[in-house]
Number of protein chains: 2
Amino acid sequence: MRKNRRTCDVPDATVLRLPLYLEKLKLLQAIGVEDVSSRQLAESLDIKASQLRHDFHYFGGFSRPGRPYHVQKLVGALEQIIGIAEPVPTAIIGAGHLGQAIANYQNLEIQGFPIKGIFDANPKLVGVEIRGQPVRDMDELEEVVLKEKVKIAILTVPAAQAQLVADRLVKAGIVGIFNFAPMDLKAPPTVAVRNERMAVGIMSLSFKVKCILQNMDLEEDI
Amino acid sequence: MRKNRRTCDVPDATVLRLPLYLEKLKLLQAIGVEDVSSRQLAESLDIKASQLRHDFHYFGGFSRPGRPYHVQKLVGALEQIIGIAEPVPTAIIGAGHLGQAIANYQNLEIQGFPIKGIFDANPKLVGVEIRGQPVRDMDELEEVVLKEKVKIAILTVPAAQAQLVADRLVKAGIVGIFNFAPMDLKAPPTVAVRNERMAVGIMSLSFKVKCILQNMDLEEDI
DNA sequence: GACCTACTGTTAATTCTTGAACAGGTTTGA
DNA sequence: TCAAACCTGTTCAAGAATTAACAGTAGGTC
């Protein structure tokens, strides 16, 4: 019991690296590599080996000292830790371009997030088939969430409706919300929310672009 | 000159918050608010006021001591810093669902990133109109980048082609690449790259979901 | 004018992250 | 059997980021 609790008390920075480790390891697995050392794995991810071992140390016991990691075991362990050892039923709310883009992204299913429902309020979209399943009316939301035991909702509705929909999802028993609407959602602490902001991404890129251009100008002046 | 250089020597963590500040400030501006204190602004963003002042301190001189910030001035200053005071010509490479979703996201243009070209290798997509402009063939890429002075490219092509396209973009003189392909791009240091990984987002969410579910189980057991 | 309140810019302290170091354990090969 | 080459788990130091504290200014009010 204590161990479970400890497993969750991990820095965010580490949690964000776990998927990267998993991805690389699956790649290695696919080409038949059996063992990998912390140095090899870290190098391919452009981080320090000590950091990787440090990260793994939060969970402990991925290898025995002296031996490199066993790729397959490590993949299994990471899937357990991330919580995708069992598929996590997922729904997409909002079947606009972004919702469709995500629904069509087949890797989602492979990575452990089968799409159990796609919803939209627009009657023109309801009924349209996306990757073999129909877009459903928002009315069916609670019913499907309950029946399919949906745990995670991917929210791609307009900002104006995002909080409203989120409240419905929370009431329906959703545990995690992946929000693409350009606004920060509020939810009780029993629901995990991740706000994905495209604007943040492109603006932080723009900042760096501006710096590069300035430096180029400076060097020209010399 | 020195000041410019200093302006770029800012922690990533701070840079990532600048767009959030800007967004909130624009909202305030839209409803006619003229002044805002660090405490008010920080509270609405769920961060500490001291952190906000600390962030602004890297650039300096947004207000004079004793007086709150002037919303309009602050918006202008942040736009300068982020590099969107002048529009930044942008292109989208890959007109699949994700590319179309981004192209249709009108806020991009408003926020300073006008789309000067949408490209795809698929002949079936070439010519299709998206928000008033045709999808172009990849052959035209270099020409358009040069003519329209495109600075940032949004990459939504399959992982297998991402690096190839990126190399072409770099050669063509692109300064920033916003990469949505599930792989880390390599580029020379004169080109800023931001790799956006959806898998990382949903998996880190899954980790938290798992922790919440475990804690709920634990409490039930008591 | 004097005082009180609200505010910023700046520095100092604290907390979090990262990176280095090292104490063993394992295998290989002479 | 012993040494050399690797390897991990763990601890410790260095470096960043966040938060708190404070000095000093501005404006309002009596």
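Reminder, nothing fancy here: chain letters follow the sequence lines and each chain counts from 1. Since the model is a prediction, treat every value here as computed from it, not as a measurement.
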(request) Starting from P on D/dT10, measure out to NE2 on A/His57 and report it in whole angstrom. (result) 4 Å

(message) Which is more 5' along DNA chain C, the nucleotide nearest A/Asp55 or the one nearest B/Pro68? Just name the residue.
(response) B/Pro68

(message) Working to the nearest 0.5 angstrom, can you tell me the gap between A/Leu78 CG and A/Tyr21 OH?
(response) 9.5 Å

(request) Take the protein atom CG of B/Asp46 and the nucleotide atom P of D/dT19, then report the distance between them rounded to whole Å. (result) 11 Å

(request) Count the heavy atoms of every other residue, nucleotide or ligand shown that sit under 6.0 Å from CD of A/Glu34, and state whether that count exceeds 12. (result) no

(request) Decide yes or no for A/Leu28 and A/Gln40: does some side-chain heavy atom of the first lie under 4.5 Å from some side-chain heavy atom of the second? (result) no

(request) Please check if the side chain of A/Thr156 supplies one atom and the backbone of A/Gly94 the other of a donor-acceptor pair under 3.5 Å. (result) yes

(message) I'd like the 5' and 3' limits of the part of DNA chain C contacted by chain A, with heavy-atom contacts below 4.0 Å.
(response) C/dT17 to C/dT27

(request) Could you tell me the separation between the CG atom of A/Leu41 and the C1' atom of D/dG9, rounded to a whole number of Å? (result) 16 Å

(request) Verify the contact: side-chain N or O of A/Ser38 to OP1 or OP2 of D/dT8, cut-off strictly under 4.0 Å; return yes or no. (result) yes

(message) For a quick check of understanding: with a heavy-atom distance under 4.0 Å over all strands, which category does A/Gln51 fall into, base, sugar-phosphate or nothing?
(response) sugar-phosphate

(request) Send over the distance from B/Leu16 CG to D/dA17 P, rounded to a whole Å. (result) 11 Å

(message) Here's a test of your reading of the structure: between A/Gly66 and A/His54, which maps to the more 5' nucleotide of DNA chain D?
(response) A/Gly66

(request) Give one of base, sugar-phosphate or nothing for B/Ser50, where a contact means two heavy atoms less than 4.0 Å apart. (result) base

(request) Please state how far atom CZ in A/Arg39 lies from atom P in D/dT8, giving the value in whole angstrom units. (result) 9 Å

(request) Please report, rounded to the nearest Å, how far the P atom of D/dA17 is from the CZ atom of B/Arg53. (result) 19 Å

(message) Quick check on DNA chain C: between B/Tyr69 and A/Ala13, whose nearest nucleotide comes earlier from the 5' end?
(response) B/Tyr69

(request) Calculate the interatomic distance between A/Asp35 atom CG and D/dT8 atom C1'; express it in whole Å. (result) 13 Å

(request) Could you tell me whether the phosphate oxygens of D/dT8, OP1 or OP2, come under 4.0 Å of any side-chain nitrogen or oxygen in A/Ser63? (result) no

(request) Provide, to the nearest angstrom, the distance between the CZ atom belonging to A/Phe56 and the P atom belonging to D/dG9. (result) 9 Å

(message) Whether the A/Asp167 and A/Gln163 side chains hold a donor-acceptor pair (N or O, under 3.5 Å, no angle test) is what I'd like checked.
(response) yes

(message) Is it the case that the side chain of B/Asp12 and the backbone of B/Leu16 share a donor-acceptor pair, with hydrogens and angles ignored and the cut-off at 3.5 Å?
(response) no

(message) With a 4.0 Å cutoff (strictly under), does any side-chain N or O of B/Arg17 reach OP1 or OP2 of D/dT18?
(response) yes

(request) Identify the heavy atoms of A/Leu108 and A/Ile154 that sit nearest to each other, and give their distance. (result) CD1-CD1, 4.0 Å

